[in-house]
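Okay, so here's the structure we're looking at.
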Amino acid sequence: MLEGLKGNKKVVMLTAYDYQVARLLEQAGVDLILVGDSLGMVVLGYESTKQVTMQEMLHHTRAVSRGARNTPIIGDMPIGSYATPELALENARKFIEAGAIGVKVEGCVKEVIHELISNKIPVMGHLGLLPQTAEKYKLVGKLDNEAEKIFEDAQAIDKLGVFSMVLECMPEQLAKKITENVKSITIGIGAGKYCDGQVLVINDLLGMDERFKPKYVKKYADMSEIIKKAAMEFKKEVESGEFPDDAHSFH
Ligand code: KIV
């Protein structure tokens, strides 16, 4: 998957969790859609991604696959769903049935990755900040030993055959070194400009939550203001009797 793109074209991935957004992302021409377990925080209102279940992930993967029939969809395996290689395979197959073409797993889980790839399930890795196990969401890989471990992990999962890996919240020089030393496509989030591609959580890119302002997120729209303004205008017009007017009524 994504053959020929490394070094030739930047890969564009965005998350989606529902039918309508998936449809729009397909029209926009993104290369990949990730049904991320960020679902838990931005859609379901959980404290972290740790509460997300397989059932919830599959429900949203099905919705996304109905909206984006021609864009590769990656299912993000939630915490616990790949605790053993056997469980990982069973759950990865459920993602494929739900419409994903591959799955993403966090960390250097070599046996899991090996099991999935030997059973022909394309795997995207995820290194650096690992939201499923991190105590704090912060930059990682600044210390030499931390950077060395992430680099070794990247080489190990690359060797196992991941087609791509997300690099999250790390210094751009570390992401550059990894990108230059692996065959797979690196997709950065808070990992700088040298990655082979970039991903953002769609709700962050759209500015859905005015309280969330991490350094690595660029807001391409201010949807929290747009939605609030539209709802307030509707409220005002309903309360004043201005809506529905003749144009929006049946006669
Ligand atoms: O869950 C998610 O949305 C992710 C991306 C941040 C890569 O893992």
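First listed ligand is number 1; within each ligand, the first listed atom is number 1. Throughout, residue positions are numbered sequentially from 1 according to the sequence presented.
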For Lys104, the atoms of ligand 1 under 4.0 Å from one of its heavy atoms are 8 (O)
Are Lys176 and Glu172 ion-paired here, with the side-chain N under 4.0 Å from a carboxylate O?
no
Contacting atoms of ligand 1, where contact means under 4.0 angstrom from a heavy atom of Gly36
1 (O), 2 (C), 3 (O)
Might you point out which heavy atoms bring Ile178 and Ile150 nearest each other, and give the distance in Å?
CD1-CG2, 3.9 Å
Test of proximity, Tyr17 against ligand 1: N or O pairs below 3.5 Å
no
So does Lys149 pair up with Glu152, basic N to acidic O under 4.0 Å?
no
Considering only heavy atoms of Ile189, which atoms of ligand 1 have at least one such atom less than 4.0 Å away?
6 (C)
Is His126 in contact with ligand 1, taking contact as a heavy-atom separation below 4.0 Å?
yes
Report the member of Ala16, Ser38, Gly188 with the shortest heavy-atom distance to atom 1 (O) of ligand 1.
Ser38
Residue-level breakdown please: for Asp76 versus ligand 1, do any non-hydrogen atoms fall below 4.0 Å on the side chain, on the backbone, on both, or on neither?
side chain
Under the side-chain hydrogen bond (donor to acceptor under 3.5 Å, both in side chains) criterion, do Thr179 and Asp196 qualify, and how do the steps go?
CA-CA 7 Å; Thr179 300; Asp196 296 312; 4.8 Å; no
For the residue pair Thr15 and Val201, what are the closest heavy atoms and their distance?
OG1-CA, 3.4 Å
Taking all atoms of both residues into account, what is the closest heavy-atom pair of Ser38 and Tyr17, and its distance?
OG-OH, 2.7 Å
Between Lys142 and Glu146 (salt bridge meaning N to carboxylate O under 4.0 Å), is one present in this structure?
no
Number the atoms of ligand 1 from 1 as they appear, then name those within less than 4.0 Å of a heavy atom of Val201, with their elements.
3 (O)
Counting only heavy atoms, which portion of Leu34 has something under 4.0 Å from ligand 1: side chain, backbone, both, or neither?
side chain
Given that the side chain starts at C-beta and the backbone is N, CA, C, O, which of these parts of Thr15 lies under 4.0 Å from ligand 1, counting heavy atoms, or is it both or neither?
side chain
